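Here the structure is a predicted model, which is why all the values come from computation and not from measurement.
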Amino acid sequence: MSDPADSLPQPLGMPAPADGVGGLPAQLRAAALGPAHLERYLKVFARLDAAGRALPSWNWAAAGVAPAWLAFRGLWSWFALWLLLVTTLVLLLSGAQVLLVLPPSMLAGLALALWLALAGGFGRWADALLHRQVQRRVEAAVRAAPNMQQALALLAAGAPTRRRLWAVTAASTVLLAVLLLAAWQLTAGGSGQAAPEAGPSAHATPIRPVEQAPPPAPAAEPAARAAAATLPEFDAVEATALQRDTQAALAALAAAGAAETPQAPPASAAPARAADPAMPPAAKPDKAAAAKRAPPRELRQLYINVGMFAEPANARRAHERLRAEGLPVTVAPVRSASGKTLQRVRVGPFTSAAQANEAAARVRLLGLDAVPAVQ
């Protein structure tokens, strides 16, 4: 004679368990699981009961949309853990981007790998988590209800329903749309701001001298200053050699100018020289020697050397900061004594020392070096 408990009526709207997984335990689990994929879960639970321990399986819903599946099944503690893990991963990736300056492709690949690992973990162990949660719900309902029929009704009242499934699906769709929109806006805004900062690729042609552009409008100056990052120091050896050559050139120009300045003869000497026919005429100056001693003034141009940068991106950032101050600045590649190609940033040309000194003072106010040069 069969046990009356094995033939308890099913709650309203609840399908009967599949063959081979029937009995009172299966009826209680069916009431707790709800109608969605009931037969599959009962078979998986029977395999876990036979093994007596948690076994890995695969659940596509938990792997693909873990938060929605956890919310639908009522696994709220694991839902909170999933949110904590995702937040931690996002913070780690953001820190890696700031500290290590990872390329976007590498950052995207790392994020994809972490996401696949998280999805794979939930996909393999989701059935075991649900099995333990259903067991706890069944034990709590049996202890709280005076009989099995009321225990079944209590479990069915808290089971996932079709209505909950549609609500979770709609909420997940809206949340996904909001996240995609926010990501698109961040990507569009970041690409627009990062475009001036981006350096040339490894296969790009050498940087040509940047043509002098008119100073930007005053409204753009704060944005340019805010976008400028802290520039690394340039090659100190090259800067020292350049400053030494510049000082020598300035000293030579000063000496040449002093020698070139004519002195007016005394007024009394002019009539005497004209009256003395025996005095020989003055020798004509050697033109070649005069040209070698002092170059024409129109060829002398003053510059302010700001730095020699090994990274083209740093040279471009210095160029943008100087342009924002309204200074005439150029960037040109030069080869150092060691054979390296450096990017020289300088301000000029100027036709007078006063202009050059004023520009050097403005450059130093920006925290950059200012070394005078003559060309």
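Of all non-hydrogen atoms in Ala128 and Leu48, the two that sit nearest each other are CA-CD1, 4.2 Å. Closest approach of Ala63 and Ala119 over heavy atoms only: O-CB, 3.2 Å. In terms of heavy-atom proximity, Trp69 sits nearest to Ala61 at CD1-CB, 3.6 Å. Looking at every heavy atom in both residues, Ala359 comes nearest to Phe350 through CB-CZ, 3.3 Å. Across all their heavy atoms, Ala26 and Leu42 have their closest contact at O-CD2, 4.0 Å. Listed here is the closest heavy atom pair of Ser172 and Ala68: OG-CB, 3.4 Å.
One hydrophobic cluster, built from ILVMFWY side chains closer than 4.5 Å, cannot hold both Val168 and Val65; they sit in different ones. Hydrophobic clustering (ILVMFWY, side-chain heavy atoms < 4.5 Å, transitive): Leu165 and Val134 are in distinct clusters.
The distance from the CG atom of Leu70 to the CD atom of Gln133 is 10.0 Å, given to the nearest 0.5 Å. Atoms CD and CG, on Glu325 and Leu368 in that order, are 10.0 Å from each other to the nearest 0.5 Å. The OG1 atom of Thr341 lies 4.0 Å from the CZ atom of Arg335; values are rounded to the nearest 0.5 Å.
Side chains of Arg316 and Val331 form no contact here, defined as non-hydrogen atoms less than 4.5 Å apart. Here the side chains of Gln355 and Leu302 are not in contact, with every heavy-atom distance at 4.5 Å or above. Taking the side chain as every heavy atom from C-beta outward, Val329 and Arg346 never approach each other to under 4.5 Å. Using a 4.5 Å heavy-atom cutoff, the side chains of Arg29 and Gln135 are in contact. With contacts defined as side-chain heavy-atom distances shorter than 4.5 Å, the pair Pro160/Arg73 qualifies. Looking only at side-chain heavy atoms (C-beta outward), Arg124 and Asn59 stay at 4.5 Å or farther from each other. At a threshold of 4.5 Å between non-hydrogen side-chain atoms, the residues Arg164 and Phe72 count as touching. Taking 4.5 Å as the limit, every side-chain heavy atom of Pro372 sits out of range of all side-chain heavy atoms of Tyr303.
Arg344 places no side-chain N or O within 3.5 Å of a backbone atom of Asn305 that could act as its donor or acceptor partner. Asn147 places a side-chain N or O within 3.5 Å of a backbone atom of Gln149 that can act as its donor or acceptor partner.
Applying the side chain to side chain contact (heavy atoms under 4.5 Å, CB included) rule to Arg163 yields the partners Thr161; only residues at least two apart in sequence or on another chain are considered. For Ala370, the side chain to side chain contact (heavy atoms under 4.5 Å, CB included) partners are Ile304, Ala360, Val363, Arg364, not counting sequence neighbours. Residues that satisfy the ring-ring contact (aromatic ring centres under 6.0 Å, His included) test with Trp60, not counting sequence neighbours, are Trp58. Under the ring-ring contact (aromatic ring centres under 6.0 Å, His included) criterion, Phe45 pairs with His131, sequence neighbours left out.
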Show the numbers, then the answer: is there a side chain to side chain contact (heavy atoms under 4.5 Å, CB included) between Phe309 and Leu342? CA-CA 5 Å; Phe309 297 90; Leu342 304 177; over 6 Å; no

CA sep, side-chain torsions, deciding dist, call: Met148, Gln27, side chain to side chain contact (heavy atoms under 4.5 Å, CB included): CA-CA 10 Å; Met148 290 299 148; Gln27 295 181 23; over 6 Å; no

Take Leu33 and Leu130, measure what side chain to side chain contact (heavy atoms under 4.5 Å, CB included) needs, and give me the verdict at the end. CA-CA 9 Å; Leu33 284 169; Leu130 183 60; 3.9 Å; yes

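Listed by first and then second residue, the side chain to side chain donor-acceptor pair (under 3.5 Å) pairs involving residues 107-123 amount to none (not counting sequence neighbours).
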Side-chain polar contacts of residues 76-94 - donor-acceptor pairs under 3.5 angstrom, sequence neighbours left out - could you list them?
| residue | atom | partner | partner atom | Å |
| --- | --- | --- | --- | --- |
| Thr87 | OG1 | Leu83 | O | 2.8 |
| Thr88 | OG1 | Leu84 | O | 2.8 |
| Ser94 | OG | Val90 | O | 2.9 |

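A salt bridge is defined here as a Lys NZ or Arg NE, NH1 or NH2 lying under 4.0 Å from an Asp or Glu carboxylate O, and Lys43 with Asp127 fails to meet this definition.
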